[in-house]
Every structure is written in structure tokens, then in C-alpha cells.
Amino acid sequence: MDTEQLMMKKSLYEGEAWLGQPPEIEESQIEKTMEADVVVVGAGLAGVAAARTAAELGCTVLLLEKCEAPQARSGDFAVMDSRVADTWGRRNVDKVQIVNDLMRDMAYKVSQNILRRWAEEAGEAFDWYLEGYPGIPVLKTTAEIPPEGAKCWIQPRRCPAPENFENSTERFKCYQTTAWVRPTHIPVFQGNVQMLMQTGLAQCLFSAPVVKLLREKDGRVQGAVAQVGECRYIKALARKGVVLSTGDYMSNAEMLRRFCPGMADTPQLWLGRDKNHNPSNTGDGHRMGMWIGAKLQDSPHAPCAHHMGSVFGASGFVLINTRGMRFVNEDAPGQQIGSQIENLPDKTAWQFVDSNWPEQVGRVHPNHGSVCFFVTDEELQDGTLYSKLSTIDNYISPAFVEKAVASGKLLRADTLEELVEKTGLPVEQTLASLERYNRMCAEGNDKDYGKRAMRLFPVEKGPFYASKFVPATMIAVMGGLESDEEARCYDEEGKVIPGLYVAGNVQGNRFSVDYPLTVPGLSHSIALTFGRIAGRNAALG
């Protein structure tokens, strides 16, 4: 079965400009053919995990990467029963309940078997990953001071949790299982790359973007073709299997508008660049997989755009749109608040806070995008807490607020009238909306949006603060090729494509509708876990 026949079988998106056609490459343009047991396409977190796993099983590995070096960023991992969880007393979590909550939060449009497999193996995968950086310090609390001179360390998120926090009572569950490799997991990632190379079984080619996959007449994927220069290519043949780990498609404007149209004009952040300084996450693996008959997941693709809000976070405090009206129950995580901002016609709102904020933040839901810990400036200065705690750690102090005011990110005024005038909102309507909100706070009953009384924070005591909310920066789009808990790919007829495995953001059926914050660090954790699964299965042939 050749590529043209496979394209005829795949008809759902045929002819659409974003999909394009596989390049026609003459045999004379292939300057050499390389062989390995396993070919891995993409050297991000998932690809390196797949390659290291396959090599440790005794397979030769050829790792092909579009950029000039392996790619990694950030550092949050959902760890659950990892060894580091023992340090925080957080090993005994209900994995079945976590998976069920994730299913609910993504409208049951993802594979429960994929999430179940992740939950079972994520802790083991993280322990294995940390072998790349032996002796990494593990802090006992979020605010603990890292060892002097440490290049990186593991910091728990929200540990200990706020005193009155009870996850089971929250509308949006947030399981406190996250390990943050701070300031970034890149040193650990680089250690894994070194471990891969030390096996003596791996060869890596950089600035070698794969441009097409090779599928045999019997349907098996046998390798790939990578470009290594102008009109120059290499053919990479896999004796056992190919792992596709090429990332997401956020920087492909046509794909983004096709599959995530509501986010097409949202600000983006992506640091990975190829040798021509173009963004690397352009959906290459998605299109190459579809060219040989792989099916793209049907369910709505999930944008990942965490709204971190102001210095007071995104959650809890009242929000007013540019018509001067409240529009949402603010007792929601940053991702959900961000979605509501995106839904506004002008994608703009204002958060209002009064001077009682030091007491109020302690009642906010501890989640990504919330602020729930108040510390004094003295505590940050006397050496008892880590001095670089910030909003992203869920912490706030008076100094943070003053810094935000000085920078212009936060407006302050002695009266609400003056503050509303500074925002440019319609004064009469905004004051009326805040007056109604304050009455409901006093009554302990949000008749309009049902926010719980414990998080009805009135705006009545000056000085007053306001911060402008616009769309959050998007960092990825989660939607990929149809997959299962063995990291296998499927065609349009629901049949497994032999020899092809997927991991990372090119793997479908992991996320849908919206990126969930139920278990912060989920994306990295699933990429790592399924990178290992894909590498293992490819190695076993």
C-alpha cells in the first residue's frame, strides 16, 4: 500500500490547505541510509524518554531532532507515588478518583485507559527520570530555602496546604501532588540525554527535521526521511519501531484556526526554534502521521493557557467586564477564568480587591493561578523563608503588592469612584455592580453566580486595587493522533498502525476541551510516562 493509496483512505481532511501533501523526494536526493532498531522523531521530554528506554533495553536508537539541540522547558510534574512524595507525606492518593475527576473535567472525551495507565506508572517514571540528576535536593515545604549553590531542586507545590483547604468540598478539584523542578528541569533533562548517549547505542542528528514517514506495503511503518540540507536527505530505517514525539501545533496558524479557532488570536509563548529561528512546534508529526493514514483525534483539542491573574492571582476576587458588569463565578482556577476572559467580546475584564486582602487570600482555592498564602515582608527578609517566593508559588506579601503598583500592573486609589475612573470602566454601572456584589457578600448569598460565602470578598475598605485581565499566554495545544494506553496509533478504520508509536503532544486522546488543572504538572508527567511506554513498546517490536 503506497502513500497515495493511504491518502485516498484518509478522506476527512483531504484537500485542506493546512494538511498539504507529503514531499516528493527523488532517490538521488537521499545521500545515505541509516538503520537502527528504533527511530525516535523529536528530542523533547517524551522523545528523550523513549530513546533512553529503548537503549536501556539493548536497542540501537536513532534520534532525529528539528532543532539544534534537545528541547525542554518548565518543570512541573504530577508525581503521586514517586519517592519524592514520601518526603511530603503525599504518597497515599486515590488514583482512581483522580482519573475519574480528570474524565469529568474533560467531558469524558479522552481515553480513560490512557489516564489510568498514566496514574499507575507516573511515579515510577519520575523516579527513573531523576536518575539523570543524582542527589537533587528535595525541599520539605514550598517555602523552604534551597541549599546554597544548588543548580536545581525539587519544590512541592502548596505544601503544607492552606489550613482550611478541603479538596473534597471544592467544585474544581486540585490534588496536591505536584513536584516542581525549580527553576527548571533542564539540568535533569540534560542528564537523561547524557545517560542515553552513555549507553553507546544511540546516535542523535540535530537540525534534521523529519519530512515524511515511510510505510511498507503491508502497512508497517518502517522509518522516516529527514532533511539535512538543501535538497539533501537521509533515510532512517527502523528494524523494530518508530516513535513520533514531535510536539504540538500551536505555531501553525492554519492548524490552530482549524482545530482551536477560539485561540487563534491569543498571545503565544514558545521558545523552541529551528536553525532558521522559526518556531519548532508546527504540527509536523500530526501531518506526517495523517499522510500515511493515521487518524487525528475527533474530540475538541485543548488549549493550554494558564491565567495567572494579578499579584492577587486569578481566583476568588470579583471580576467586572468592560460594560461594568460582573460575568462569572470567580471561585474557579486560572484556566477556567482565562476561558471566561476569552469568551468576552473584547477579551478584557478588571479584578477589584480591597485592603482586607491579607486575610482573604487564605480562603482562596489553592490551584494554579490562585494566591492562597500571605507572608509578611519581614518573613521574606529574615531568612526563614525562601526570599524568591512569588505569585507563581501562590504567595503574596505587601512588598509584592507595592511592586505591582509601582510597575503600573496594579491600580490603587483611596476611593472606589477614583479607582473606577482610573480603569476607564463606565463609572455609574461599575459602582452599581460593585454595590450589588457587596450587598450579596454581606448577606452571604451570591444570588447571581452562586459563589460560596467563604469566598465572597467584598470591596468596601480602602485603599482599593484593580488589575486588568486580558487573555492568558498560550503555551501549547493538546490534540494529537488517535492513540491508546500502549502509545499505538490508529487509522481511520480503527486499526492499529504497526510499528508506529506516539508520545508527548502529538499523542491524541490524552486531553480534550480544555487543559485540566486537576493535577498540576499533568502534561509533563504524561509526556514522560508515555515516552517510556512508547520507547519500550517500540523496542519490543
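Residue indices begin at 1 and follow the sequence shown. Remember, predicted model here, so these are calculated numbers, not experimental data.
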| field | Any residue meeting salt bridge (Lys or Arg N to Asp or Glu O under 4.0 Å) with D86, in chain and number order, not counting sequence neighbours | value | R91
| said: Under the criterion side-chain contact (heavy atoms from CB on, under 4.5 Å), I'd like the reasoning laid out for D248 against M478: C-alpha separation, chi angles, the key distance, then a yes or no. | reply: CA-CA 7 Å; D248 80 310; M478 312 296 197; 5.9 Å; no
| Distance-only side-chain donor-acceptor flag, Q336 / D514, under 3.5 Å | no
| query | If we ignore angles and hydrogens, is there a donor and acceptor under 3.5 Å between the side chains of D377 and S397? | reply | yes
| Donor-acceptor contact below 3.5 Å, side chain T142 vs main chain P156 | yes
| said: Once salt bridge (Lys or Arg N to Asp or Glu O under 4.0 Å) is applied, do any residues pair with E124, and if so which ones, sequence neighbours excluded? | reply: R532
| Any side-chain heavy-atom pair from V502 and V243 closer than 4.5 angstrom? | no
| Geometric class of the Y515/F511 ring pair [parallel <30°, tilted 30-60°, perpendicular >60°] | tilted
| Atom CG in N394, atom SG in C159: separation rounded to 0.5 Å? | 12.0 Å
| message | Looking at Q155, is its backbone amide N or carbonyl O close enough to the side chain of R182 to form a donor-acceptor pair, meaning the two atoms are under 3.5 Å apart? | response | no
| field | Residue pairs fulfilling salt bridge (Lys or Arg N to Asp or Glu O under 4.0 Å) with at least one residue in residues 161-175, sequence neighbours excluded | value | E170-R452, E170-R455
| Below 4.5 Å, heavy atoms only, C-beta onward: do V470 and K347 meet side chain to side chain? | no
| Would you say the side-chain atoms of Q71 and S280 include a donor-acceptor pair closer than 3.5 Å? | no
| message | Has T473 got a side-chain atom pairing as donor or acceptor with P267's backbone, closer than 3.5 angstrom? | response | no
Atom pairs and distances, donor-acceptor, side-chain atoms in residues 380-389, under 3.5 Å, two or more places apart:
from : atom 1 : to   : atom 2 : distance (Å)
D382 : OD1    : T384 : N      : 2.9
D382 : OD1    : T384 : OG1    : 2.7

| message | To the nearest 0.5 Å, what is the distance between OH on Y133 and CH2 on W153? | response | 10.0 Å
| Set of salt bridge (Lys or Arg N to Asp or Glu O under 4.0 Å) partners for R412, sequence neighbours left out | E402
| Quick one: does V188's side chain get under 4.5 Å of L130's, heavy atoms only? | yes
| request: Could I get the full list of side chain to side chain contact (heavy atoms under 4.5 Å, CB included) partners for V138, not counting sequence neighbours? | output: V84, T87, W88, I154
| task | Might you point out which heavy atoms bring V110 and L115 nearest each other, and give the distance in Å? | result | CG2-CD1, 3.8 Å
| Do any N or O atoms from the side chain of N252 and from the backbone of T282 form a donor-acceptor pair under 3.5 angstrom? | yes
| task | Check for a donor-acceptor pair, side chain of T141 on one end and backbone N or O of E144 on the other, with a separation under 3.5 Å. | result | yes
| message | Applying ring-ring contact (aromatic ring centres under 6.0 Å, His included) as the test, list every pair that has at least one member in residues 317-342; sequence neighbours left out. | response | F312-F317, F317-F457
| message | For N509 and S483, which I'm curious about, is there any donor-acceptor pair between the side chains at under 3.5 Å? | response | no
| query | Mind checking whether F126 and F77 have parallel, tilted or perpendicular rings, split at 30° and 60°? | reply | tilted
| From E485 CD over to R510 CZ, what is the distance, rounded to the nearest 0.5 angstrom? | 14.5 Å
| note | Closest heavy-atom pair, L139 versus P146, reported as atoms and distance to 0.1 Å, is CD2-CA, 3.9 Å
| query | Would you call I337 and L319 a side-chain contact if the rule is heavy atoms closer than 4.5 Å? | reply | yes
| task | Test side chain to side chain donor-acceptor pair (under 3.5 Å) on Q112 and N100 and set out the steps. | result | CA-CA 8 Å; Q112 189 153 2; N100 279 319; 3.1 Å; yes
| task | Classify the ring geometry between Y249 and H286 as parallel (under 30°), tilted (30 to 60°) or perpendicular (over 60°). | result | perpendicular
| task | Sorted by first residue and then second, give each salt bridge (Lys or Arg N to Asp or Glu O under 4.0 Å) pair with at least one member in residues 461-471; sequence neighbours left out. | result | none
Going by atom type alone, with no hydrogens or angles, which donor-acceptor pairs under 3.5 Å involve a side-chain atom of residues 367-375 and a protein atom two or more places apart or on another chain?
from : atom 1 : to   : atom 2 : distance (Å)
S370 : OG     : H365 : O      : 2.7
S370 : OG     : N367 : N      : 2.8
S370 : OG     : N367 : O      : 2.9

| query | Can you find a side-chain donor-acceptor pair between D101 and T518 that sits under 3.5 Å? | reply | no
| said: Within the 3.5 Å criterion, strictly below it, is a donor on N356 or E460 matched to an acceptor on the partner's side chain? | reply: no
| field | Sidechain N-carboxylate O distance under 4.0 Å for D81, K95 | value | yes
| task | Return the minimal non-hydrogen interatomic distance between V506 and G285, and the atom names on each side. | result | CG2-C, 3.9 Å
| query | How about W128 and T53: does a side-chain donor come under 3.5 Å of a side-chain acceptor? | reply | no
| said: If the condition is side-chain hydrogen bond (donor to acceptor under 3.5 Å, both in side chains), which residues does K422 pass it with, not counting sequence neighbours? | reply: none
| Can you find a pair of side-chain heavy atoms, one from I320 and one from F352, that are under 4.5 Å apart? | yes
| Note, D414 side chain near F464 side chain (heavy atom, < 4.5 Å) | no
| Pairwise side-chain hydrogen bond (donor to acceptor under 3.5 Å, both in side chains) hits with a residue in residues 313-324, at least two apart | T322-D346
| query | Between D448 and R436, does at least one N-O distance fall below 4.0 Å, as a salt bridge requires? | reply | yes
| request: Please examine the side chains of S74 and H524, heavy atoms only from C-beta on, and report whether any two atoms are closer than 4.5 Å. | output: yes
| message | Please check: side-chain N/O of T177 versus main-chain N/O of M80, any donor-acceptor pairing under 3.5 Å? | response | no
| field | Step-by-step side chain to side chain donor-acceptor pair (under 3.5 Å) determination, T246 to K66 | value | CA-CA 9 Å; T246 49; K66 183 179 185 178; over 6 Å; no
| request: Start with the C-alpha gap between I475 and M250, add the side-chain angles, then the distance that decides, and say whether side-chain contact (heavy atoms from CB on, under 4.5 Å) holds. | output: CA-CA 8 Å; I475 57 177; M250 183 180 69; 5.5 Å; no
| Under 3.5 Å, is there a donor-acceptor pair between the side chain of Q351 and the main chain of S467? | no
| query | Do any N or O atoms from the side chain of D446 and from the backbone of K451 form a donor-acceptor pair under 3.5 angstrom? | reply | yes
| remark: Minimal heavy-atom distance between L416 and V459, with the atoms involved, is CD1-O, 3.5 Å
| query | Short question: side chain of Q297, backbone of G480 - any donor-acceptor pair under 3.5 Å? | reply | yes
| message | If we ignore hydrogens and angles and just use 3.5 Å, is the side chain of S245 paired with the main-chain N or O of G42 as donor and acceptor? | response | yes
| Taking atom types as modelled and ignoring hydrogens, do the side chains of T376 and E379 form a donor-acceptor contact shorter than 3.5 angstrom? | yes
| request: Count the heavy atoms belonging to other residues, nucleotides or ligands that lie under 6.0 Å from CZ of R83, then report whether that count exceeds 12. | output: no
| query | Which residues pass the salt bridge (Lys or Arg N to Asp or Glu O under 4.0 Å) test with E120, sequence neighbours left out? | reply | R116
| Under 4.0 Å between a Lys/Arg side-chain N and an Asp/Glu carboxylate O for R117 and E121? | yes
